[in-house]
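In what follows, a structure is listed as structure tokens, so that the remarks can point back to it.
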Amino acid sequence: MKEEKLSGKTRVLPVIVLIIIVALWVLISWLQLFPESEFPSPQSVVQGFGEEIRAGRLFDDLVASLFRVTLGFALAVVLGIPVGLILGDRARARRALLPTVNFFRNLSPLAWIPFAILWFGIGDRPAIFLIFMTSFFPIVLATIAAVASIPAVFFRVAENYGYRGAELLTQVTLPAIAPQVITALRITAGLAWVVVVAAEMIAGRDGLGFAIWDSRNGLRLDLLVVNMIAIGFIGVVIDRLLLQLTKLPNLRWGYER
Amino acid sequence: MKDKPLSLESVSRTFGATEVLRDFSLNIVLGEFVAIVGPSGCGKTTLLHLLAGFDKPSSGRVIIKGRVRMVYQQDGLFPWRTVAENIQMGLRHVRDKTERERELKELLALIRLEGFEDNYPHQLSGGMKQRVELARALAGDTDTLLLDEPFSALDYLTRLRLRRELARMLKERPRTVVLVTHDIEEAAQLADRVIVLSDRPARIRCELQLAAERPRDPTHPEVIDAMHQILTVLGLEHDARESEVFSL
């Protein structure tokens, strides 16, 4: 995929769309088509932002959610990639374990919420557990698939030039799977960010997900929208950050075919 | 004892029920350029894998002396490494850093890709990639090059150019070479000896020696003559008698 040169006009298109959405929002609330209790006005949301930021709640919730996602996701990466490498390399182990991995991959991580609370109580730990369950299986599967798709010629070249053992892993296998694995990490991080909100709604006392639930219970729909905007925005930021990895010069080959 | 760097002694190789090689013998002499041509699926690649040590014979002996390196049809370069890093793979055994640097410079000059050392393979044309592969394989004190249809993914003119390049490189750095190819013209232009294989299980159908000095032009009379003979053996050209019948 070559990035097309965007002219100045096409660059402002997303901004225009955003302005139109906000304008519609302003219009609908100005016309009072819905009661304020069901459809918060832009002004109240802006005020809500100020309130949440001054109270420090928005920042605290954000840190809480990011901490859980980062830890759960990091754990899944650190364990998932080696497991994927081993299963990708060993046909027997793969045959034995792949159906199980697939089963858990297709089981919604939200189904674990009751157990998460039973086992880990309320707070960071159940959320981290749920994020781990969300991320681990897709990462394992993506790594297996990436290992399986390494062209055989790379291994012959590696043998020819004397790469063995640990060097074969770090100099050949890992760089060969990196582009595919990073794509999988982007998708999985998105999933993890979606799931942390649900986890915190039920098993949290803070975090953006809890803030959503708390706003709803307090009938503060303006704060609900404040948190929704924060969640969506941070999700985009996380994806953009991971996208930067694909710009590394020694990874470009994987995205330019 | 390096006069016969590669030899196969009554080698057989079967894959399940498929017999690819049966009682196959071949001696390759030091500094010789041997081209192996034959129909698709006749066992040329199996032969190369045996000579490279990637594969073991079902019976018989394969003798490999010295450092053997293989060049592939395409995508044999590591795409996550730059041109320089790929070539340096061939210099891993060279201990001295300044020696490695010097050799890298020389190789880049040899393949005429100075200034491209920091490019990645996907930024190069097919012909440039094959030149980098050749440089990587030549790097250090390689004794034997195994070329697995190295130019077959290139367009015809690039192929002609690369043949000249290869001949020139071998003039500067003589090596024992085994070339497997579909391209009869390529075989006849480049090799000292052309071996034509039969269908599976592969036998040697005919062997041609070419005496003309390398590098040669594709239109050199001896090349044309060799092509005629190979095509006749493969049944792709009317032999003399047949043409007489037709001219009657």
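So that the names make sense, note that chain A is the first sequence line, chain B the second, and so on, each numbered from 1.
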Taking atom [atom1] of [X] as the centre, does the number of heavy atoms from other residues, nucleotides or ligands within less than 6.0 Å exceed 12?
X      : atom1 : answer
A/M228 : CE    : no
B/F15  : CZ    : yes
B/R164 : CZ    : no
B/R200 : CZ    : no
B/R193 : CZ    : yes
B/R102 : CZ    : yes

Inset, instruction - Give me the ring orientation class for B/W80 and A/W253: parallel if the planes are under 30° apart, tilted from 30 to 60°, perpendicular past 60°. - result: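 If you compare the ring of B/W80 with that of A/W253, the planes turn out tilted.
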
Just wondering, do [Y] and [X] contact through their side chains at under 4.5 Å, heavy atoms?
X      : Y      : value
B/Q123 : A/R252 : no
A/P175 : B/F78  : no
A/E159 : B/M70  : no
A/Y161 : B/R136 : yes
B/P79  : A/F154 : yes

Legend entry - Spatial distance of atom CD (B/E85) from atom CD (A/Q171) [nearest 0.5 Å]: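 B/E85 CD to A/Q171 CD: 9.5 Å, rounded to 0.5 Å.
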
Inset, instruction - Kindly indicate, with the supporting measurements, whether the criterion side chain to side chain contact (heavy atoms under 4.5 Å, CB included) is fulfilled by B/H49 and A/R156. - result: CA-CA 10 Å; B/H49 284 179; A/R156 282 196 217 107; 3.5 Å; yes

Legend entry - Whether B/R92 side chain and A/G162 backbone form a donor-acceptor pair below 3.5 Å: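 Answer holds: yes.
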
Inset, instruction - Using non-hydrogen atoms and a 4.5 Å limit, figure out which bit of A/A178 sits close to chain B: side chain, backbone, both or neither. - result: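 Neither the backbone nor the side chain of A/A178 comes within 4.5 Å of chain B.
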
Inset, instruction - Please flag which part of A/P179 lies under 4.5 Å from any non-hydrogen atom of chain B: side chain, backbone, both or neither. - result: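 For A/P179, neither part sits under 4.5 Å from chain B.
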
Inset, instruction - Mind ranking A/V172, A/N160, A/V153 by heavy-atom pairs under 4.5 Å with chain B and telling me who comes out on top? - result: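 Among the listed options, the one with the most contacts to chain B is A/N160.
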
